[in-house]
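Down below is the structure, laid out as structure tokens.
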Amino acid sequence: MIFLDAIEDFLRKEKEKKGDGTALTYRRKIYIFHEFVTLELKANDINYIYVLTAMGLDRLLDSVAYYQRVGNIKSRATIDVYYAVLGNFFKFIYEEYGWKNDYFYDYEHINQFKIAYENKIKEIGLNNSKQEPPVDKDVAKEILNRCNQLIDDVDIKDVLMKKKGVYSNYISALMVKLVLLYGLRNDVIRKLKLGDYNIDLNKLTVNKFCVRLPDRLAMQMKRYIEIRDAVLAGCVNDRLFFDDTNFEKELDNTKMFIVLNSVTGNAQSRAVAKYAIIEMLKNGISAEIIMEFTGYKKNVLDDCQDKINEERGLLLMNEKCQILDAELRKSDLYNDM
């Protein structure tokens, strides 16, 4: 059995247990490990079993650093998945073939690896904050449909009669749409002023950026301004969104994103914002502009970029060589060399 056969057996087993999505995530990570073992440790199809079973703490940690380096990984969450994949792979080859590496077998060695791994994470300087994953496309569409339903079906009479939950769900749906579209941080939405919205040009100014609203959202915002004026009944308030029980009170996070409860099970907006940020990054908007516009910091952008890299798949060295060679051949002077 060659090394790649063992890896493919492992991936087939993971696909059977956990499905296509997990197998795809595992594939790139275990192949980067294969690249490390073959390029850095000089393993081949004759000696790879010995190399795997004899790998000590330093070499295992070197593989973690290698994965971080070739993937240009910034967030800890992605590296933690690699660490978990390693554990599952070594467990598999022991249970399936009897190839034992002590650092994945007995408690004492497992604990040593865990402690050393934590120290390596600190040494590499990865973002160590807890990063919740972004919602996926299907959940994003479900959120959007729920928001549109609440916005389009709202009855102004129910709002003015302060029917329980109507106004809260209504403005929450509008704000969630802004997060889903623009990836805005809570405080950025909370600080929006009435003057930031141009009803005639259908434009919204956010952190000095002027963006045009999509047609449906533009129509919904125009109606919102009418409802907003009716709720205020002549009272002056310069906030774009406000609490109808206390016009001067800033909206709290729960009230702002209460709509998310019915779809995601919580009222946290960051996972939704990450979906929008990932879309912006995929469309070529620079991280600097996104940070300035959305109010999110570099650690969140790094986490989103890591997610993109994971979806696209980290390039193996042979793939990088093919890309480089193909691009170099496009040089104007290549054929004259």
Side-chain angles (χ1 to χ4, degrees), residues 1-71 73 75-114 116-118 120-121 131-134 136-139 306-320:
M1 175 184 287
I2 63 174
F3 193 1
L4 287 176
D5 286 342
I7 286 177
E8 287 301 321
D9 284 349
F10 166 67
L11 291 172
R12 278 194 292 272
K13 183 72 72 172
E14 291 301 316
K15 183 178 180 179
E16 290 172 5
K17 292 191 298 185
K18 301 173 183 175
D20 291 339
T22 298
L24 183 62
T25 298
Y26 277 29
R27 176 172 291 276
R28 283 292 171 172
K29 289 172 171 55
I30 199 62
Y31 268 92
I32 292 294
F33 175 69
H34 172 271
E35 182 177 281
F36 168 78
V37 172
T38 54
L39 294 183
E40 300 292 318
L41 305 187
K42 309 303 180 185
N44 55 47
D45 288 331
I46 296 174
N47 68 358
Y48 76 92
I49 298 174
Y50 170 77
V51 173
L52 291 176
T53 56
M55 282 183 73
L57 202 54
D58 289 344
R59 290 306 191 187
L60 290 168
L61 295 174
D62 286 344
S63 84
V64 173
Y66 183 85
Y67 177 78
Q68 184 274 331
R69 186 170 68 254
V70 299
I73 305 300
S75 72
R76 170 174 179 156
T78 304
I79 300 293
D80 282 345
V81 177
Y82 174 77
Y83 174 75
V85 170
L86 276 190
N88 289 338
F89 175 69
F90 276 92
K91 180 181 178 183
F92 168 80
I93 61 174
Y94 174 66
E95 293 178 348
E96 197 76 12
Y97 314 121
W99 306 341
K100 184 177 76 170
N101 183 304
D102 287 339
Y103 286 100
F104 300 92
Y105 178 69
D106 67 78
Y107 176 79
E108 183 179 347
H109 282 86
I110 290 173
N111 196 46
Q112 286 178 14
F113 185 23
K114 184 177 181 180
Y117 171 76
E118 292 295 334
K120 191 68 175 179
I121 292 295
Q131 295 288 357
E132 62 272 51
D136 61 25
K137 186 176 181 179
D138 290 338
V139 174
D306 285 351
K307 186 67 177 178
I308 293 172
N309 293 342
E310 186 175 299
E311 289 176 355
R312 290 175 176 170
L314 299 179
L315 293 175
L316 301 174
M317 184 55 69
N318 66 324
E319 294 170 325
K320 293 176 184 176

If I compare all heavy atoms of [X] with all of [Y], which pair ends up nearest, and what's the gap?
{"X": "Ile73", "Y": "Asp306", "value": "CG2-OD2, 3.4 Å"}
{"X": "Lys100", "Y": "Asp102", "value": "CE-OD1, 3.5 Å"}
{"X": "Lys307", "Y": "Pro134", "value": "CG-CG, 4.1 Å"}
{"X": "Asn47", "Y": "Lys42", "value": "ND2-O, 3.8 Å"}
{"X": "Leu52", "Y": "Phe90", "value": "O-CE2, 3.4 Å"}

Q) Does the side chain to side chain contact (heavy atoms under 4.5 Å, CB included) test come out yes or no for Leu60 and Tyr83, once each step is laid out? A) CA-CA 10 Å; Leu60 290 168; Tyr83 174 75; over 6 Å; no

Would a 4.5 Å heavy-atom cut-off, applied to side chains only, mark [X] and [Y] as touching?
{"X": "Tyr94", "Y": "Thr53", "value": "no"}
{"X": "Phe10", "Y": "Ile93", "value": "no"}
{"X": "Glu40", "Y": "Asp62", "value": "no"}
{"X": "Leu41", "Y": "Arg59", "value": "yes"}
{"X": "Ile2", "Y": "Asp5", "value": "yes"}
{"X": "Leu11", "Y": "Tyr31", "value": "yes"}

Q) Does the side-chain hydrogen bond (donor to acceptor under 3.5 Å, both in side chains) test come out yes or no for Tyr66 and Glu35, once each step is laid out? A) CA-CA 10 Å; Tyr66 183 85; Glu35 182 177 281; 2.5 Å; yes

Q.
Checking ring-ring contact (aromatic ring centres under 6.0 Å, His included) between Trp99 and each of Phe89, Phe3, Tyr48, Phe104, which is the one that passes?
A. Tyr48

Q.
Just to verify, what does Asp136 make a side chain to side chain donor-acceptor pair (under 3.5 Å) with, not counting sequence neighbours?
A. none

Q. Who passes side chain to side chain donor-acceptor pair (under 3.5 Å) against Asp106, sequence neighbours left out?
A. His109

Any chance you could measure [X], atom [atom1], to [Y], atom [atom2], to the nearest 0.5 Å?
{"X": "Asn88", "Y": "Glu95", "atom1": "CG", "atom2": "CD", "value": "9.5 Å"}
{"X": "Leu61", "Y": "Lys120", "atom1": "CG", "atom2": "NZ", "value": "6.0 Å"}
{"X": "Glu14", "Y": "Glu16", "atom1": "CD", "atom2": "CD", "value": "9.5 Å"}
{"X": "Lys13", "Y": "Tyr26", "atom1": "NZ", "atom2": "OH", "value": "14.5 Å"}
{"X": "Phe113", "Y": "Leu57", "atom1": "CZ", "atom2": "CG", "value": "7.0 Å"}
{"X": "Thr38", "Y": "Asp45", "atom1": "OG1", "atom2": "CG", "value": "9.5 Å"}

(Q) Just checking Tyr97: does its OH atom have more than 12 heavy atoms from other residues, nucleotides or ligands closer to it than 6.0 angstrom? (A) yes

Q: Determine whether more than 12 heavy atoms belonging to other residues, nucleotides or ligands lie under 6.0 Å from atom NZ of Lys18.
A: yes

Q: Kindly say whether Glu108 contributes a backbone atom to a donor-acceptor pair with the side chain of Asn111 at under 3.5 angstrom?
A: no

Q) Does a side chain donor of either Thr78 or Tyr67 reach within less than 3.5 Å of an acceptor in the other side chain? A) no

Q) Can we say Glu8 and Lys15 salt-bridge, meaning some charged N sits less than 4.0 Å from an Asp/Glu carboxylate O? A) no

